[in-house]
Each structure stands twice: as structure tokens, then as C-alpha cells.
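Have a look at the structure below before the remarks.
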Number of protein chains: 2
Amino acid sequence: MSSAITSLTHGQYQTVYNVFSFALASMLFTSIFLLVSQGRVLPRYRQALVISAMVCGIAAYHYIRIFNSFNEAYLPTTLGGDYALSPMGFNEAYRYVDWLLTVPLLLLETVAVLALPKVTRASLLNKLIPASALMIVLGYPGEIAADTAPKMIWGALSTIPFLFILYVLFVQLTKSLDRQSPEVSATVGRLRLLLIATWGVYPISFLFPVFGLDGSDAFVARQVGYSVADVLAKCLYGLVIYKIARMKSADDNPAFAADEFEDEPASARTAA
Amino acid sequence: MSSAITSLTHGQYQTVYNVFSFALASMLFTSIFLLVSQGRVLPRYRQALVISAMVCGIAAYHYIRIFNSFNEAYLPTTLGGDYALSPMGFNEAYRYVDWLLTVPLLLLETVAVLALPKVTRASLLNKLIPASALMIVLGYPGEIAADTAPKMIWGALSTIPFLFILYVLFVQLTKSLDRQSPEVSATVGRLRLLLIATWGVYPISFLFPVFGLDGSDAFVARQVGYSVADVLAKCLYGLVIYKIARMKSADDNPAFAADEFEDEPASARTAA
């Protein structure tokens, strides 16, 4: 958006094309996997799985749009030669539309899978969901700004709700982890680290143009970075949510554990 | 329809394009969510969920049509430049076809989720459904009228069934809320406010040309207004219906509540 790359080499074009297709396939099949795996967790955890599936499904939809937009935007000049930007342009705003829908849902699935008491859950969501929407909305003007000053200002404004989200997840949510088993607590801890590690990619890509990285190599790096971060933040994240739901289901119900697992937990064997 | 906008700036085009895509994705994934979440409510509330899913699915279909029509209607003149109206034109009649199907269904899902006695339900639906169809049918000649006089006449005629619907929802339906729990009654109250707030957008957009707002900015504002109102009136509305169905399911059956929720309601714990 901010910097229209008018020409890509054959190799650059192929790289972006393949990464978009990789992200699309990952999103689509993680979504299907999570939908058909609902029977593998107890009913109270299924809403978290469905929300995770919607996140990956919405992302798959947007990768179809991004992929098609890229395909129409860059057309080959000669066989095996460079690709030139067509008047259609490349529409990356889809990313922000996607994030506006999926980032609040990612936080919703994180809280949903913990099956917290209603008051705690409502208190966390009333902070996390508005903050995440605000973070995306404030980031967009910075993404499309051509100059450094507005980019930095919108970026800084967007960082405020981001830090608030981290505070809620790392301080307030921690208090709710006491009632979880040690194994679940540890996995939730890793889930939060995954969230920080992947969300951290976005501001770095966002700031590429500020560092003077705005040629076609930087364009390719930004597309690859966003796509890989999306796959980790949505597909891998959704699969960790699924793992937590499985562990909690086994903890909650020995009969379910005996049906689902050959040998665990120990309580299932003694109860059976 | 009434005023063909022959040219859009790059920014105007992008705004409409992204809003249509946002609405399409919201409709599609809300529809899927409601379909796969049927197990999260008792059987007696599933028909309301399925109808809500059909409403969002029908709207998703029409947004695909609107999106594609818009894409073919406006073509870029130069890279990053204006978009000119092609001979294909932009077909907005889809909106009225959509409303003719979805607005009666929205009222049907509203009544269905309350699980009212059969006589009460039939009495409400025999008023709401014909009135809503009449409202849409009378609005359409006003939408396509170029002159102010026929626009105002059809608009006024369309308002009569609209006021009748409000009367049924706010006076007659209220009598049926006595038998609902306070929490359900309060949520139904918010649902009705959501209905008024979102349906109110349509007559405002309808009257844009009367106020002399018929340039390309007004076109963009009308498309954004219709799309956001559609998402709130169908997706958010459907999700509130789901929430009501969840609350009523938990109230109706403590065993279901114990399976679905870790800790609520209190009645589930004592009964278990």
C-alpha cells in the first residue's frame, strides 16, 4: 500500500506467490481440522475450538483475496522475466480487515478454552476485545502513511492498547491460572510466549519503510514475514488451544480420558 | 441505482471494496459459526440458530454478487488513479432481493428463540412476516425513483409496515417476556434496540439523494452505511440470538448447563 513496488524479479514473484499459497492452505486445513475435531474435547471446550476454526477460516478467505489480488497486480513481461505492476494494483488492506476480525477472536478463544468463572471471563474479555480492535484500527493509518512522522505517531498510538493487552494476559490472567493443572498452566504460558513472538513480527514489518527498507526485497521480506507470522499466530496458536482443550477434557472427566487416550491420565485407569 | 456515479478516486474505490469484503467475510463465517454451534444449545433452540445461519448465508451470497458487480463496474484508469464506470454498471438491486428474503427470516428467528407457546408464536409471526415483506416491496420503487416526490411517497408507504413491526415487537412481544428469566428479558430488550438502531440506517441512506447527497462521497457513505448496518443487523443480531439460546438452554436444563459451563449456573451445581 504505502510503497507500490512496480517490478518484481521472477524469483521474487515466485517466492511471494508460494508463501501466499502456503499460508492459504495452512489456514484452510487448520480450520477444517479444528471443526471436525470437536468430538475430541468435552462440550465445554468446543466453543473455543469453533472460534479457533473461524479465525483460521476468516484468514483463509483473506489469503484467497490477497493471493488473487497479487496475481492480478503483477503480470509477467516476458517468459521467465520480470513481473510488472498492472493498473489493478496490489491490495493489502485485506490484512487489516482480516486482523480486525481475527485478533479479537484470538483473544476470545484464549479465554474461552480456560473455562473460567463467568465473572472472571467477562472481566478479561471486556478489556481484551476493545483493546485489540483499537490496536488494529490505530495501526492502519500508520501502515498506509507514506511519511515517517505519521507512521511513527500511529504506530506509537497502536502500541498503547498492545501493551495493555500484554498486561492483561501476563498479570491479570495469571491470577486465574491457579485453578488450572500444572500441565495446563505451563501450556498456557507457552501460548502467551507464542503470542508475543508472533505479534512482534507485525510492528517490525510495519517499520520496514522507516528503516529505509522499501525496495522490492523489503516488499518480499514483509510479505513473507506477515504470512509466516499469520500461520504461527493463527494455525499453530489454534492447535495449542486444541491441545489445552484436550488436556483439560482429560483432567475433567476420567471416562472421557479412558475413551480418548490409551494410557493417561493415571486417574482414568484407577477410576475405570 | 438512482444515481450512477461515473468515477471514483482510488481511495473511494478501496474503501467500498474493503467494506464489501469485510461484510462478505462477516456474513459467511457467522453463518458457518451458527451452523456448527448447534450442539451448544438445546434442540428446541436449534431452529432459531439454523434460521440465523440462513440469514447470514443468504446475505453472504448477495455480498459475493455485490462485490463482483462492483469489481466489474469500476475499472482503474491508471495505476493508483481514478476508477471509471464501465458499461457493466453497478447492480445494487441485490440488496432488495436480499432484504426480501432475510428481513422476514430475522423476525422469524427472533420469535423462534423465545420458544413461546404455539398460539402466541403464530399470532406474532402472522403479523411480523407479511408486514416485513410489505415494507421491503414498498421501499424498492422509492429507491430506484430519480425524483423526490415518488421517492417520498414510496418511502412513507414503506414506513407504515415498519411502524407496525415496531408496535408488535415493543408492545405485543413485551407481554410474552414475563415468562422469561430476567437475564433473557434484558437481552431481548437489547436485541430490539439493536434492531431499531440498525434498521434506522436504511431510511437515512434511502433519503441521501433527497438531501442532495448524490455525489461519489455520498455513494461511498451509502455503501459503507448499508454494509455496516447489514453486519450489525444480521451477524451481531444472530450472535445475540445464539447468546439468548445459550442462556435459555442453561436455564431449562441443569445437566446441559453442567456439561457446557464449568461453573454456572448455580442451580447446575446443586442439582448435579
Please list all pairs meeting salt bridge (charged side-chain N to carboxylate O under 4.0 Å, His left out) that have one or both residues in residues 15-24 of chain B, counting only residues at least two apart or in different chains. none
d(Phe67(B) CZ, Arg65(A) CZ) to nearest 0.5 Å is 3.5 Å
Is any residue of residues 45-59 of chain B within less than 4.5 Å of chain A by heavy atoms, and which ones? none
Bottom line for Leu24(B): the part with an atom under 4.5 Å from chain A's heavy atoms is side chain
With Phe33(B), which residues qualify under ring pair (Phe, Tyr, Trp, His ring centres under 6.0 Å), at least two apart? Tyr242(B)
Does the Arg44(A) side chain pair with the main chain of Ala258(B), one donor and one acceptor, at a distance under 3.5 Å? yes
Here the pair of heavy atoms bringing His62(A) nearest to Ala25(B) is CE1-CB, 4.1 Å
Under the criterion side chain to side chain contact (heavy atoms under 4.5 Å, CB included), I'd like the reasoning laid out for Tyr17(B) against Tyr94(A): C-alpha separation, chi angles, the key distance, then a yes or no. CA-CA 10 Å; Tyr17(B) 188 91; Tyr94(A) 290 126; 2.5 Å; yes
For Leu101(A) and Ser26(B), the nearest pair of non-hydrogen atoms, with its separation, is CD2-OG, 3.8 Å
Nearest heavy-atom contact between Pro87(A) and Pro76(B) is O-CB, 3.6 Å
Partner residues of Tyr83(B) under the ring pair (Phe, Tyr, Trp, His ring centres under 6.0 Å) criterion, sequence neighbours left out: His10(B), Tyr13(B)
Counting only heavy atoms closer than 4.5 Å, note whether Ser21(B) contacts chain A via side chain, backbone, both or neither. both
Describe, in one word, how the ring planes of Phe29(B) and Tyr61(A) are oriented to each other, choosing from parallel (under 30°), tilted (30 to 60°) and perpendicular (over 60°). perpendicular
